[in-house]
Amino acid sequence: MQENLSEALGQTNFTSWDWLIVAVYLSISVIIGLFVKRYIKNMSDYIGAGRALGTALGVATLTGTEMGLITVMYSAQKGFTGGFAAFHIALVAGVVTFFVGFSGFIVGRLREMEVLTIPEYYERRFDKKTRVLGGIMLALGGILNMGLFLKVGSMFIVGVTGLSTQGWALPMVMITLLVLVLIYTVMGGMLSVVVTDYIQFVVLSFGLLIAVGFVIANLGWATLYETVTAEMGPAGFNPFMEGSGFGADYVLWQVFTAGLVSCAIWPTAVARALAAKSPAVVRKQFMWSSISFTIRFMIPNFLGIAALVYITVKAPELKQLFFPADGVKALDNLYAMPIVLGRIIPAGLIGIISAAMIAAFMSTHDSYLLCWSSVITQDIVAPLTKGGLSTAARIKLTRVLIVVIGLYILYWGLVYDGGDDIWDYMSVTGAIYFTGAFAVLVGGLYWKGASSNGAFLALLSGLCAILGLGPVKEAVGLNLEGAQVGLLTVVFSLIVLVVGSLVFPDKNKERGTV
Amino acid sequence: MTFWMVFWKYFFLLVLIGFACMAVWVTIGGYRDIKSLFASLDEEHDDGTDKPGGA
């Protein structure tokens, strides 16, 4: 199997010129990180880009951050296994993001309060203990959540470039990319992140559009539909149909996760709202970003579908690897999209596409590293430090934490065998934070009766989401899908917030809502 | 073709066109925003009107 895998990955149009394109791109990113360092004068500049982002730049950085390579890989996998029915994820993500922008739901109000992080809001609205717990839950869920990003992203690069999947290639790619991201994130903070996000948006957007054009020209729309129909039947198009692998529960869970959480609860997205010039800019930024929030799922879904069709109609040797006879272990279908792109896209262009994907990889890593490290500094360490922390100490600590978290994801990627259940792992670890946070944010912003004790308990109740993890479900004998556990945890957290607030109301009634 | 086949085809086309237009707008507008961002940071620091450090 390993020989077959290496042979399959070795067939690619990636040449020395493509390596040069990628190298030039990476060099530019690092130089920018070094260049903007001189503009960093305080913590607001470092983690909030001076709160001066305009609408277009806000859209670029929001898209650059949220269209990560992990999303591209996972969404391509969904298209590969679910066909066009997987497009429903893109649809709900776009519609919900537009609604959030149009109404200003959560993000508009947070920006009005001029906080730098979500836990900082917890302290303004509730108290210090809620802020510290919120910071711990956020950092715990977030850092665990990104544990596999480095490895899965590097799998794409190894796959598309035709490098061997064994030996030095994978760890070397992981270490190289991590070092580059660490350099410019540590140096320039949010300023370098937004500037590089902008360049990454440009490269990524046009790169993806070119990739789609080549795929359609190579395969033809009619072939795509005919092959999906032949392989999956109507379930390859209808997400509510039995056999599609989705269903009503799953669609509802996507409305919450791919829609609301992705744009209004997940802190890396909210950070862009908090860095905007004004609440009005936030709303415009999110309405525009609804298009890119749709695209970030739809194009990778489409590339995954194209990989399935290409393998079915043009590459029987690959079909044997991905769909072997009974008893033979199938090749990890995460490899399907990069292998097919490496074969379809011609030399030169594949370098641009790869640079675009590396852009997606780096823009997510830099934002996530900055987000989790600044949460630990601002919301856990600083509130617990007597006499407070100086600006210089905060920036220094944040930089140290960026490196520490970077080393953790390198270690986790090297030792963790994430071949199975990557998405389950990610959604459960993320849900530890966002299920409780949803209740606390909505309750805190829109209900005057929400109390600090109710918020504290609601944040803790998010830990129930861990019951959705496969091994935990088996251990406790729980017969529910991960999506069902997630939805139940959301409802449970809301109930805990309401009951906790009514039983333990705040003595200080002046806090109220915004 | 079923309803879903037609729906996904036009949805895909519409979003791609929208995204292409948005990409052009963000490319131009984002460049202007970056220039404005650094100008405002320079001005703020020169005036000594830095925002306070931590939260």
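First the proteins, then the strands, lettered A, B, ... as listed; each starts at 1. Values below: all heavy atoms of this structure, side chains included; hydrogens, waters and symmetry mates excluded.
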### Message
Which label fits F19(B) and F201(A): parallel for a plane angle under 30°, tilted from 30 to 60°, or perpendicular past 60°?
### Response
perpendicular

Any side-chain heavy atom of [X] within less than 4.5 Å of one from [Y]?
X	Y	value
V26(B)	W288(A)	no
F84(A)	M5(B)	no
V15(B)	F87(A)	no

Relative to chain B, which segment of [X] carries a heavy atom at a distance below 4.5 Å: side chain, backbone, both, or neither?
X	value
V212(A)	side chain
A60(A)	both
T229(A)	side chain
L208(A)	neither

Rounded to the nearest 0.5 Å, what separation is found between the [atom1] atom of [X] and the [atom2] atom of [Y]?
X	Y	atom1	atom2	result
S290(A)	M22(B)	OG	CE	8.5 Å
T294(A)	F11(B)	OG1	CZ	5.5 Å
W8(B)	L224(A)	CH2	CG	15.5 Å

### Query
For the candidates S390(A), P239(A), G94(A), which exhibits the highest count of non-hydrogen atom pairs separated by less than 4.5 Å from chain B?
P239(A)

### Message
Using side chain to side chain contact (heavy atoms under 4.5 Å, CB included), reason through F12(B) and I216(A) one step at a time and then give a plain yes or no.
### Response
CA-CA 12 Å; F12(B) 184 72; I216(A) 293 176; 4.2 Å; yes

### Task
Go through the steps to decide whether Y31(B) and L57(A) satisfy the test side chain to side chain contact (heavy atoms under 4.5 Å, CB included), and finish with yes or no.
CA-CA 8 Å; Y31(B) 177 72; L57(A) 190 55; over 6 Å; no

### Message
Could you report the tightest heavy-atom contact between L16(B) and L209(A), atom names first, then the distance?
### Response
CD2-CD2, 3.8 Å

### Task
Identify the two heavy atoms, one from K9(B) and one from Y225(A), that lie closest to each other, and give their separation to 0.1 Å.
N-OH, 3.3 Å

### Task
With a 4.5 Å cut-off on heavy-atom pairs, point out which of A20(B), A23(B), G18(B) contacts chain A the most.
A23(B)

### Y198(A) (side chain) donor-acceptor with I34(B) (main chain) under 3.5 angstrom
no

### Heavy-atom proximity to chain A below 4.5 Å, by part of F7(B)
side chain

